[in-house]
**Student:** 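For reference, the structure I am asking about is given below.
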Number of protein chains: 2
Amino acid sequence: MNAALQHETLTRSVEDYLKAIYRLSPQGRAASTSEIAQRLELSPASVSGMVKRLSEQGLLEHVPYKGVQLTADGRRAALRMLRRHRLIEAYLVAFLGYTWDTVHEEAERLEHAVSDTMVERMAAVLGNPAVDPHGDPIPTSDGDIHETAGIPLSEVPAGARVEVRQVEESQPDRLRYIASLGLRPGVRFTVVDRQPFRGPITIEVAGRTHVVGSELGQVVRCAGDEDA
Amino acid sequence: MNAALQHETLTRSVEDYLKAIYRLSPQGRAASTSEIAQRLELSPASVSGMVKRLSEQGLLEHVPYKGVQLTADGRRAALRMLRRHRLIEAYLVAFLGYTWDTVHEEAERLEHAVSDTMVERMAAVLGNPAVDPHGDPIPTSDGDIHETAGIPLSEVPAGARVEVRQVEESQPDRLRYIASLGLRPGVRFTVVDRQPFRGPITIEVAGRTHVVGSELGQVVRCAGDEDA
DNA sequence: ACTCAGATTTAGGGTAGGCTAAATCTGGGA
DNA sequence: TCCCAGATTTAGCCTACCCTAAATCTGAGT
């Protein structure tokens, strides 16, 4: 467990790589070089180079030409960054007048700069929230995370009444659009109609009807409305 | 005025250099390579190299073997960092339970990461304070600063009643010691005795008498107590 | 006016992490 | 089974900063 040592040492770049790889590996699937490159907006060649360094450092497992997976140390570091990122987002919204479309960019920089102490103070004044403003779960300080992945809106059957759980989007303009439809975590709404072949989805939110594309259907994740 | 462009481009390193040079140049005196090196804990050779780059960028004026001065652009950037640093310190003390001995280090990292927007939001919720927790003046967002340099405690005549204005110290242990004497910005106290040749100074703070060394006398700056 | 100690700069080298171009691997379709 | 398109890696290069060691300048004191 040299992760404690590594905390002090990890560079911004490395922290970003680990976070990206975590996000790209649902239940431990391997992430490919090109996926990582795309997410970090770097060339695949650069990613190849960094991947080699990180696997030498023991932060990830690399099978050449096949992909990478985080080691326990790598996962720990990634979850630490995720906690920071999401707590910072929650803090900025709660105390500094940010809205969910503007917090991502700020948190992206702050997550590398705040101390553990500051993160925990923010968590405390927030009352240790379980989710961030987009509904994403906040890992605990000892690295637990409850992936409460709801189902994508695009897979909710027509007629169902559901609740928004998470909005997996970071682009401000898209988030503003989604907010303008009344969709945000915790909001209940009804799926009126869903066309096949990734066709448009008709929803009714707070009495108003909207038709949205399937791309949006992918990022809005919902949970069945148990108490309806 | 390409300073706006530069904002986006300045690296952490450059920001630190400019801030250090500003602090080392009271009323536009030139700062020497070795002073800068000492303050930033770098080798003089490294400073020489960076100084060359920065003067090519137009952020400072360098007369080889003589020293450097900030240009208008450089000064603007330095004051911007000073504003960030001091507002962050004030914010952390006011809202996140920091004490004046612990804020410096945190601010030192955050000042490079926060956006202008966030800085102004912090300023707003703080009510646009004029000074930070150490009594140092906070530059305005358009680069004004009121250097209210009080006189060092070591130069206050015996018998005078004065008020603490600024405590020019960033080391936590020293700040805790100073706080333990009851000295902090705004506190009134009396100089009971002062020995010559940088000798010890006897002060009375809130009815208690302390003897302090002249080194401390340099960092605690005071103002005559007008309304006594 | 000289000299030399100390300050400063230059020379040469290292690491981290980007990039493009070229080489190499992999797997799906003929 | 073979082949080639696309993915991946390697090779070679660049920038930003840092370092130590060596060269050079400056000015204070004789």
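Here the structure is a predicted model, which means the values were calculated and not measured. Values below: every heavy atom of this structure, side chains too, minus hydrogens, waters and symmetry copies. Proteins come first, then strands; the chains are lettered A, B, ... in the order of their sequence lines, and each starts at number 1.
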**Student:** Partners of B/D144 by side-chain hydrogen bond (donor to acceptor under 3.5 Å, both in side chains), sequence neighbours excluded?
**Tutor:** none

**Student:** Can you find a side-chain donor-acceptor pair between B/D73 and B/T71 that sits under 3.5 Å?
**Tutor:** no

**Student:** Please list every donor-acceptor pair under 3.5 Å in which a side-chain atom of residues 164-171 of chain B meets a protein atom from a residue at least two apart or in another chain.
**Tutor:**
residue, atom, partner, partner atom, Å
B/Q166, NE2, B/D136, OD1, 2.9
B/Q166, NE2, B/E168, OE2, 2.6
B/E168, OE1, B/R23, NH2, 3.4
B/E169, OE2, B/Q171, N, 3.0

**Student:** Identify each atom pair where a protein N or O and an N or O of nucleotides 26-28 of chain D are less than 3.5 Å apart, giving names and distance.
**Tutor:**
residue, atom, partner, partner atom, Å
D/dG27, OP1, B/K66, NZ, 2.5

**Student:** Can you list the residues that meet the side chain to side chain contact (heavy atoms under 4.5 Å, CB included) rule with A/V93, with sequence neighbours excluded?
**Tutor:** A/Y98, A/V103, A/P133

**Student:** Considering just the side-chain nitrogens and oxygens of B/H62, establish if one lies under 4.0 Å of OP1 or OP2 belonging to C/dT9.
**Tutor:** yes

**Student:** Give a yes/no on whether any side-chain N or O of B/T33 is located under 4.0 angstrom from OP1 or OP2 of C/dT9.
**Tutor:** yes

**Student:** Show every ring pair (Phe, Tyr, Trp, His ring centres under 6.0 Å) that has at least one partner inside residues 39-92 of chain B, sequence neighbours left out.
**Tutor:** B/H85-B/H104, B/Y91-B/F95

**Student:** Mind checking A/S48 for me? I need base, sugar-phosphate or nothing, with any heavy atom below 4.0 Å counting as a touch.
**Tutor:** base

**Student:** Could you check how far CD of B/E15 sits from C1' of D/dC17, rounded to whole Å?
**Tutor:** 15 Å

**Student:** Return the value, rounded to whole Å, for the distance between atom NZ of A/K52 and atom C1' of C/dT24.
**Tutor:** 14 Å

**Student:** Write out all pairs satisfying side-chain hydrogen bond (donor to acceptor under 3.5 Å, both in side chains) with one or both partners inside residues 45-55 of chain B, taking only residues at least two apart or from two chains.
**Tutor:** B/S43-B/S46

**Student:** Report, as a single string ordered 5' to 3', how protein heavy atoms within less than 4.0 Å touch nucleotides 13-19 of chain C: B base, S sugar-phosphate only, - not at all.
**Tutor:** ---SBSB

**Student:** Quick one: list whatever passes side chain to side chain contact (heavy atoms under 4.5 Å, CB included) with B/E147, sequence neighbours left out.
**Tutor:** B/Y22, B/P137, B/I145

**Student:** Taking only residues two or more places apart in sequence or in another chain, which ones pass side-chain hydrogen bond (donor to acceptor under 3.5 Å, both in side chains) with B/R84?
**Tutor:** B/D116

**Student:** Could you give the CG-to-C1' distance, from B/L40 to D/dC19, as a whole number of Å?
**Tutor:** 15 Å

**Student:** Do B/E111 and B/E15 touch side chain to side chain, with heavy atoms closer than 4.5 Å?
**Tutor:** no

**Student:** Round to the nearest Å and state the distance from B/H112 atom NE2 to D/dA16 atom P.
**Tutor:** 18 Å

**Student:** Atom CD of A/Q38 and atom P of D/dT8: how far apart are they, to the nearest Å?
**Tutor:** 11 Å

**Student:** So, OP1 or OP2 of D/dT8: does either fall under 4.0 Å of a side-chain N or O from A/S34?
**Tutor:** yes

